[in-house]
Structures are given as C-alpha cells and as structure tokens.
Engineer: 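Next up is a structure, given as structure tokens.
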Amino acid sequence: MKKSLKLTLCALGFAIACLCAGLLLQTDTFSSKRPKYVFYFIGDGMSFNHILGTEHYNTAKAGASKTLRLNFTQFDTRNFVTNYSTSNLVTDSAAAGTALASGVKTANACIGVDPEGNKLRTIADVASELGYKVGLVTNVGINHATPSCFYGHTSDRFGFPKLVDDYIASDVAFVAGSTIMDMKSGPQDPKYKPTTTAELADRIRKAGIELSLDVDAAAKVSGKRVALVAHDKENKHVPYVIDRKGDEKHTLVNHTKAAIEYLSRESKDGFFLMVEEGKLDYSAHEQDAVTTFHEVNELAAVVELALEFAKQHPDETLIVVTADHETGGMVLGWDHYEIRMNVLTAQKCSAGQLTKIFQRMREEGVRDWAPYKKVLSDNFGLWSTVPVTKEEEQLLLHDFHNIFLKYGPMVDGLYNKNEFVIHHALRILNKHASLDWTSLYHTGTYIPIYVQGVGEKAFLECRDQTEIPKTIATLMGSQL
Ligand SMILES: [Zn+2]
C-alpha cells in the first residue's frame with residue numbers, strides 16, 4: 001500500500017473514532033429523554049455561605065449533633081459558575097437574570113436585551129414554542145428584575161409599566177408574586193408617566209388575563225392566563241418568613257402549589273416553571289443573617305414541592321436550583337477559627353420589623369432607652385442570652401440619642417431602610433456568632449448549581465451561568 005494511502009486511511013480511521021467518541025459523549029451528556037416538566041429555582045442573592053450558613057443555623061436551632069442538610073444540597077449533580085456582566089465583574093439582578101433566562105451576557109440594568117438594546121430570545125420563549133406552558137413565581141413583584149427577564153425587554157430594569165406591557169404580550173400562562181411594582185418602587189424616570197400598582201393591575205385585567213388575589217381560585221382557573229398577586233392596589237410586599245403571623249395565604253410555597261396545580265391541569269405537553277426566592281436578596285442587602293436563613297429554608301420548601309412532583313413523574317422531571325449572584329459578602333467565621341450559630345437562634349424577627357417597632361414607640365413619645373433595650377433583648381437576645389460589652393452598648397446609645405431620637409439618617413439596605421441602632425444591634429449579634437458581612441450590595445463570587453432529574457449530568461459542563469438556560473433548552477430539544 002502506498003504511504004500516502006496508508007496515511008489517508010489512518011486519518012480517516014482517527015476521524016471516525018473521534019466522531020464516535022463525540023457522539024457517545026453527546027448521548028451520555030444529553031440523554032435521549034427530554035424533560036416534560038422543568039423546575040428552575042433561583043435564590044436571588046444566594047451563594048455558598050447563605051446555604052451553608054442556613055444548614056449550620058438549622059442544626060444549631062434543632063440542637064442536632066450532625067449537620068442538617070437542605071434537600072437541594074444533597075442532589076448528586078453540583079457545580080458552580082461565574083456570573084459577571086458585560087459592564088462589570090459584579091452583576092446586578094437584571095444582567096444576571098438575563099443570563100439565566102436568555103443565555104447571553106449583558107450590561108447591568110438590562111432585562112432581556114443585549115448591551116446594544118437588541119431583544120433576546122428567552123428559555124420561556126423556547127419552552128412555549130415547544131408546547132410547554134410557562135409559569136413564573138416569585139415572592140417579590142411579578143415585574144421585578146428576575147421574573148421579568150423571562151418575558152421583558154428593556155435597558156431600564158425600573159421601567160415597570162413597560163415590563164407589564166411586555167408580560168401582557170408574552171406567552172406566560174401563570175405568574176404569581178407579591179405585587180405589581182409601580183413607578184414609586186424604582187428611581188423616578190421622566191421617560192415614564194407616573195403609574196400606580198392599581199393602574200397596572202387594571203391594564204392586566206383589560207388584556208383578558210385573570211388577575212386574582214385568591215390563591216385557591218387562581219389554581220382552578222381554566223382556559224385563561226392567570227396573574228396571582230397578594231396586593232393589586234399598592235406596591236406592598238409579603239412579609240419575610242421570620243415575620244409571618246402564621247395565617248398568610250400568600251406565601252411562595254402556596255403560590256408555587258397553585259402554579260403546579262394550574263400548569264399540570266392546563267397543559268398536556270408539560271410545563272416550564274421558574275420560581276424565584278426574591279426576598280432572600282432583600283434581607284442580605286440588609287445584612288440580616290437569620291432573616292436570610294429563613295428565606296433559604298423557604299426556597300428548600302418550594303424545592304420540596306418539585307421533589308414530591310418528581311416522585312409522580314420520575315423520568316420526566318428536571319429540577320435546577322441556582323442563584324443569580326451573591327449579596328452581602330457573607331463571612332462564616334471571622335473570629336479565631338470559630339462559628340457560634342447557637343448565638344443567632346435568639347433572633348425572633350427581622351431588622352425591618354424591629355425598625356417598625358422602634359419607630360412606633362418613638363411616635364408614641366417613648367424617649368427612655370430602657371424600653372427600647374428590652375425590645376432588643378426580647379427579639380435579638382442581646383443582654384439576655386448574648387453578652388453585650390460596654391463599648392457595644394455605648395455605640396447603641398450613641399445611635400439612639402444622636403440619630404434615632406433626632407430622626408437622623410437610616411441605613412439604606414436598597415429595598416428597606418433600617419435605623420442605625422437596629423443595624424448595629426444586628427451587627428453585634430452577628431459578631432458574637434462570628435458571622436460577618438462585607439458588602440451592602442452584590443459581590444462577584446461564584447454561584448452554585450444543584451441539579452436533579454432528566455439530563456442532570458449535562459450541567460457539569462457549565463462554567464458560566466449563561467450556559468444553564470442553554471443546557472435546559474438543549475435537553476428540551478431546542479436551542480437558545
Ligand atoms: Zn438578584
């Protein structure tokens with residue numbers, strides 16, 4: 001045989017071998033089965049330390065000797081990804097949400113558009129094209145950054161009326177959240193006319209969508225699109241989990257149950273359901289660890305609903321749990337190789353709730369430190385179970401007399417403002433637990449992915465969050 005022919009045959013053999021290996025790898029990574037039911041969970045602002053901190057907190061609270069693991073951290077497929085935006089190494093929820101929904105990096109503040117403002121196709125569009133019904137659930141506004149990245153297109157994440165118009169024009173079958181955000185909930189942009197939540201609710205009703213305030217009734221609506229909200233007259237959010245009285249119907253769990261009931265009944269071709277735990281980001285912006293841990297537990301509670309659903313549909317369900325970015329730069333352990341989570345079990349309500357109690361007392365004319373000190377003791381465990389040093393009390397007294405009683409400035413936690421005296425009381429409590437925060441905003445650290453179900457191993461290939469929706473699209477049998 002001529003040398004050149006031999007070489008050609010060798011090269012051909014090698015090419016065939018490569019092709020076979022490639023095909024084998026592909027069939028291994030992307031199984032032939034396609035997920036009929038896709039659950040996409042996003043913990044807004046949740047990274048490794050919020051999750052691990054929650055597990056340590058739950059363990060301390062239960063007095064357990066072994067770490068109590070959250071359901072999703074026990075998934076077999078786990079990975080971590082980068083999340084920077086095109087405008088900065090630290091992303092905001094709009095650019096990160098766009099990456100998670102469209103698989104494209106964009107600039108901060110952009111929703112469903114690239115940095116030049118060009119409209120992007122989303123995983124929700126892909127799902128609708130394939131016949132899946134789409135549901136979006138959040139415990140913040142239905143037109144807040146994360147949910148709106150699945151239907152909206154604007155370079156201004158605070159263009160809330162425009163995002164409502166985009167939602168109306170979309171194929172989203174079921175949406176649920178705390179409210180419809182109005183023009184007062186973001187920076188006042190002169191481009192938009194002042195618009196209220198009530199006006200936006202009317203706009204949704206006039207489009208023929210069933211706007212419901214009733215969780216049970218919303219789940220039973222047939223043949224119509226549904227928007228379920230806790231408030232349709234004012235831009236008001238549902239309370240933090242830690243502040244619940246116990247009789248609330250509008251919770252992330254109940255809204256997700258309603259979405260699953262509606263989508264299972266209304267679609268024979270499967271569904272795609274995104275659920276955002278959005279209040280987790282709010283509490284992390286406030287550097288409120290215990291409140292954040294309760295929100296992470298809420299995320300685990302909605303993941304549990306998906307796990308129960310998957311038991312009924314074992315070979316047809318895909319569950320992806322991830323985040324958009326990290327909020328607050330949470331540090332587990334700043335003090336001599338120690339974490340003392342049991343210290344945090346004394347906290348009974350959020351910093352925001354305590355700010356409201358303090359302000360009410362001030363309105364009632366209470367000006368002595370002692371009754372305020374008792375409130376801090378009863379709700380944060382300071383002095384009663386957590387020893388407070390003289391210097392620490394001096395700081396609180398300074399805040400109390402020089403700022404709080406004089407109606408001075410407050411700590412801006414982006415979505416909520418807290419009194420300095422409360423913020424510092426919380427810092428003292430966290431410090432005694434050896435837990436700290438390094439940012440009032442987002443950080444650029446890695447974010448986790450946990451996956452269970454059809455095609456889960458494909459997510460091991462993801463290196464950036466843009467690859468997550470692309471992988472879901474491929475598994476569903478399309479491209480993004
Ligand atoms: Zn976010």
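The structure displayed is predicted, hence computed values, not measured ones. Excluded from the calculations below are hydrogen atoms, water molecules and symmetry mates; all remaining heavy atoms, backbone and side chain alike, are included. Order of listing sets the numbers, starting from 1, for every ligand and every atom in it.
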Engineer: Going by the ring-ring contact (aromatic ring centres under 6.0 Å, His included) test, which pairs reach into residues 74-103, not counting sequence neighbours?
Structural biologist: F80-Y446
Engineer: For N/O/S atoms only: which one belongs to D324 and is nearest the Zn ion (ligand 1)?
Structural biologist: OD2
Engineer: Salt bridge (charged side-chain N to carboxylate O under 4.0 Å, His left out): which pairs involve residues 114-143, sequence neighbours left out?
Structural biologist: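 Matches after skipping sequence neighbours: R121-E129.
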Engineer: Counting backbone and side chain alike, does H325 bring an N/O/S atom below 2.8 Å of the Zn ion (ligand 1)?
Structural biologist: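 Yes, within the cut-off.
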Engineer: Restricting to N/O/S, name the atom of D44 that gets closest to the Zn ion (ligand 1).
Structural biologist: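 Nearest N/O/S atom: OD1.
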Engineer: Does the distance from a Lys or Arg side-chain N to an Asp or Glu carboxylate O, for D44 and K279, drop under 4.0 Å?
Structural biologist: no
Engineer: Can you tell whether the side chains of K162 and D165 come within less than 4.0 Å, N to carboxylate O?
Structural biologist: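 Looking at D165 together with K162, the answer is no, because their closest N to O distance does not fall below 4.0 Å.
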Engineer: Go through the steps for L318 and F459 under the test side-chain contact (heavy atoms from CB on, under 4.5 Å), then give the verdict.
Structural biologist: CA-CA 11 Å; L318 170 66; F459 293 87; 4.0 Å; yes
Engineer: With a cut-off of 2.8 Å, does T327 put an N/O/S atom close enough to the Zn ion (ligand 1)?
Structural biologist: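 No, since none of the N, O or S atoms of T327 sits under 2.8 Å from the Zn ion (ligand 1).
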Engineer: Quick check: does D281 have an N/O/S atom under 2.8 Å of the Zn ion (ligand 1)?
Structural biologist: no
